[in-house]
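Worksheet: the structure to be examined is printed underneath.
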Amino acid sequence: MNTRDFEFSKNTSGEKVVGNEGLKVYTRKVFNYMMISLGITAVISYLILRTNLINLFLTVGANGSVGYSGLGLLTVLSPLFITMYMSFSRNITSKGSKIGLFTIAGLEGASISLLVLYAGVHNAFQAFLLAGILFGSMSLYGYTTNRDLLGMGSFLIMALWGLVLVSLFSLFFGGVGIWFSYLSVLVFTGLVAYETQQIKYIYSQVGGYGENADKIAVFCALNLYLDFLNLFTSLLRIMGNSRD
């Protein structure tokens with residue numbers, strides 16, 4: 001896909017923005033939404049770890065085993081349900097999609113705090129750094145490559161649904177092996193490149209401005225946010241497991 005594929009779009013002043021410049025503006029908007037979401041997640045996670053709020057999400061059994069409380073389980077599952085609602089709702093507005101994105105970010109902050117507590121702050125820092133490198137590299141590749149990643153993306157999305165089903169099964173019936181985290185890293189690394197390239201395709205179809213374009217930008221940000229978050233949590237589980 002190249003600049004000639006992009007349609008003309010108009011900015012808020014009614015001026016035409018052509019090709020690559022308009023794409024840059026639209027892509028920046030997507031990543032701004034994503035970075036705000038990551039910021040919300042980080043702040044919520046920090047606040048929970050620094051206070052006694054962490055105890056609301058955990059229960060300790062008679063044998064000393066630690067598990068999710070009812071609130072903890074609801075917090076872990078809620079982002080999936082909100083994401084599905086946003087995906088299938090036909091009437092959701094741009095404002096509603098932003099509320100959904102930032103709500104998911106807050107809930108994920110609570111979930112991440114439990115994982116950081118288990119794996120340790122040092123491992124969390126290393127996992128975040130490595131996830132950032134992987135994400136940045138694959139996002140740059142997806143944005144600059146002339147190769148069509150649609151076929152790879154379709155395969156990875158099917159693999160993603162498999163990961164979701166295994167995650168739900170393990171949540172109720174016991175954990176999975178460390179292989180699951182390694183496979184997750186591979187899947188979400190590939191999805192970053194595919195979904196970054198999708199921003200270019202979407203821009204060529206809907207332009208960069210207007211209610212619909214803004215709403216779709218939020219969904220693109222949600223996809224990339226979840227890719228990064230799953231990269232981070234998968235790497236953190238790997239490092240936490242090695243610590244044990």
Please answer whether the main-chain N or O of L38 pairs with a side-chain N or O of Y225 as donor and acceptor at a distance below 3.5 Å. no
Got a second to check how far D214's CG is from K95's NZ, nearest 0.5 Å? 13.0 Å
Evaluate the side chain to side chain contact (heavy atoms under 4.5 Å, CB included) criterion for residues L53 and L47: first the C-alpha distance (whole Å), next the side-chain angles of each, then the deciding distance (0.1 Å), finally the verdict. CA-CA 8 Å; L53 289 174; L47 291 175; 5.7 Å; no
Minimum heavy-atom separation for I44 and A110, please, with both atom names. CG2-N, 3.8 Å
Where is the tightest heavy-atom contact between S97 and F219, given as atom of each residue plus distance? CB-CE1, 4.0 Å
Backbone N/O of L56 and side chain of S69: donor-acceptor pair under 3.5 Å: yes
Looking only at heavy atoms, which two atoms of L222 and M86 are closest? And how far apart? CD2-CE, 4.1 Å
So, Y201 versus D148: side-chain donor-acceptor pair below 3.5 Å or not? no
NZ or CZ of K200 within 45° of Y143 ring axis and under 6.0 Å: yes
Is the number of heavy atoms from other residues, nucleotides or ligands under 6.0 Å of F128 CZ greater than 12? no
Show, in sequence, the C-alpha distance, side-chain angles and deciding distance for L191 and L224, and conclude whether the side chain to side chain contact (heavy atoms under 4.5 Å, CB included) test is met. CA-CA 8 Å; L191 280 173; L224 290 171; over 6 Å; no
At what distance, to the nearest 0.5 angstrom, does CD of Q198 lie from CD of Q205? 10.0 Å
Between G142 and T145, which heavy-atom pair has the shortest distance, and what is it? O-CG2, 3.9 Å
Hey, what do you get for OG (S111) to CD1 (I48), rounding to the nearest 0.5 Å? 8.5 Å
Hey, is the main chain of L149 close enough, under 3.5 Å, to the side chain of Q197 for a donor-acceptor pair? yes
Looking at F57 and L114, what are the two nearest heavy atoms and their distance? CB-CD2, 3.8 Å
To the nearest 0.5 Å, what is the distance between CG (L229) and OG (S234)? 9.5 Å
Side-chain contact test, heavy atoms from C-beta onward, threshold under 4.5 Å: evaluate it for I54 versus S113 and give yes or no. yes
I need the S184 OG to I238 CD1 distance, nearest 0.5 Å. 8.0 Å
L165 and F180: same hydrophobic cluster, using ILVMFWY side-chain contacts below 4.5 Å? no
Indicate, with yes or no, if I157 and V166 share a hydrophobic cluster defined by side-chain heavy-atom contacts under 4.5 Å among Ile, Leu, Val, Met, Phe, Trp and Tyr. yes
Can Y194 and L150 be said to form a side chain to side chain contact (heavy atoms under 4.5 Å, CB included), step by step? CA-CA 7 Å; Y194 165 70; L150 179 61; 4.0 Å; yes
Counting only N and O atoms by type, is there a donor-acceptor contact under 3.5 Å from the side chain of T233 to the main-chain atoms of N230? yes
Residues that F188 engages under ring-ring contact (aromatic ring centres under 6.0 Å, His included), provided they are two or more places apart: none
Answer yes or no: is there a donor N or O on one side and an acceptor on the other, between the side chain of S45 and the main chain of T41, under 3.5 Å? no
Can you get from M84 to L77 by hopping between Ile, Leu, Val, Met, Phe, Trp and Tyr side chains that sit under 4.5 Å apart? yes
Any chance you could measure R28, atom CZ, to L23, atom CG, to the nearest 0.5 Å? 10.0 Å
When the ring planes of Y203 and Y26 are compared, do they come out parallel, tilted or perpendicular, using 30° and 60° as the limits? tilted
Tell me the closest heavy-atom pair linking I40 and G106, and the distance in Å. CG2-N, 3.8 Å
Using the rule that Ile, Leu, Val, Met, Phe, Trp and Tyr join whenever any side-chain heavy atoms are under 4.5 Å apart, tell me whether L107 and V43 fall into a single cluster. no
Go through the steps for L130 and Q126 under the test side chain to side chain contact (heavy atoms under 4.5 Å, CB included), then give the verdict. CA-CA 6 Å; L130 182 54; Q126 289 185 318; over 6 Å; no
Could you state whether L163 and Y182 fall into the same hydrophobic cluster, counting links through intermediate Ile, Leu, Val, Met, Phe, Trp or Tyr residues with side-chain heavy atoms under 4.5 angstrom apart? yes
